[in-house]
Amino acid sequence: MASKTVIVGSAEGLHARPAGVIAEAAEKYDTDIEITFDGEEADAASAMLIMALGAEKGAEVTVSGDDADAVAAIAALIEQDLDAD
């Protein structure tokens, strides 16, 4: 299983907009991708579960799954400021 720990880059953390972008990207992969924060795990394909993690800007989260490319892609999205225009 591949995993990567990254820092949340979005100004408001993993709220609705970034969670939606991440979930939409995760749905394109034919594999399960998990995001872990503070002992809680969320399916990366679910915006609601991502938001429920409560990860704010600067929080350290771990992305894991069986597909290393998928993990790297989702981790890269989390590191970006998805609130920026």
Side-chain angles (χ1 to χ4, degrees):
M1 178 173 284
S3 71
K4 183 168 184 176
T5 300
V6 295
I7 303 298
V8 174
S10 289
E12 300 297 324
L14 297 182
H15 67 96
R17 183 174 180 183
V21 171
I22 293 164
E24 187 175 313
E27 287 174 356
K28 295 177 182 176
Y29 292 97
D30 190 27
T31 187
D32 291 334
I33 306 165
E34 300 293 328
I35 301 171
T36 306
F37 171 66
D38 200 24
E40 298 294 320
E41 202 171 82
D43 179 352
S46 170
M48 291 297 288
L49 293 177
I50 294 170
M51 289 187 297
L53 290 174
E56 298 180 357
K57 179 176 176 68
E60 187 175 271
V61 301
T62 301
V63 182
S64 58
D66 290 332
D67 182 333
D69 290 336
V71 167
I74 299 305
L77 280 175
I78 292 171
E79 289 179 308
Q80 295 177 32
D81 183 355
L82 298 174
D83 290 313
D85 291 329

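All heavy atoms count here, side chains included; hydrogens, waters and symmetry mates do not.
The side-chain contact (heavy atoms from CB on, under 4.5 Å) check on Ala11 picks up Asp81, Asp83, with sequence neighbours excluded. Applying the side-chain contact (heavy atoms from CB on, under 4.5 Å) rule to Ala16 yields the partners Met51; only residues at least two apart in sequence or on another chain are considered. Taking the side-chain contact (heavy atoms from CB on, under 4.5 Å) definition, one finds that Ala59 meets it with Val8, Phe37, Ala55, sequence neighbours left out.
Residue pairs satisfying the side chain to side chain donor-acceptor pair (under 3.5 Å) criterion with at least one member in residues 41-65, sequence neighbours excluded, are listed as follows: Thr5-Thr62. For residues 65-79, no pair satisfies side chain to side chain donor-acceptor pair (under 3.5 Å), with sequence neighbours left out.
In the hydrophobic clustering, where aliphatic and aromatic side chains (Ile, Leu, Val, Met, Phe, Trp, Tyr) are joined below 4.5 Å either directly or transitively, Leu49 stands alone.
Note that NE2 of His15 and OG of Ser10 are 6.0 Å apart. Values are rounded to the nearest 0.5 Å. Here the CD1-CD1 distance, from Ile35 to Ile50, works out to 4.0 Å after rounding to the nearest 0.5 Å.
No side-chain heavy atom of Leu53 sits less than 4.5 Å from a side-chain heavy atom of Asp38.
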Which donor-acceptor pairs under 3.5 Å do side chains of residues 20-31 form with protein atoms, sequence neighbours excluded?
none

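Residues Val71 and Ala2 approach most closely at CG2-O, 3.9 Å, considering heavy atoms. For the pair Ala47 and Ala19, the tightest heavy-atom approach, listed with the atom from each and the gap, is O-CB, 3.7 Å.
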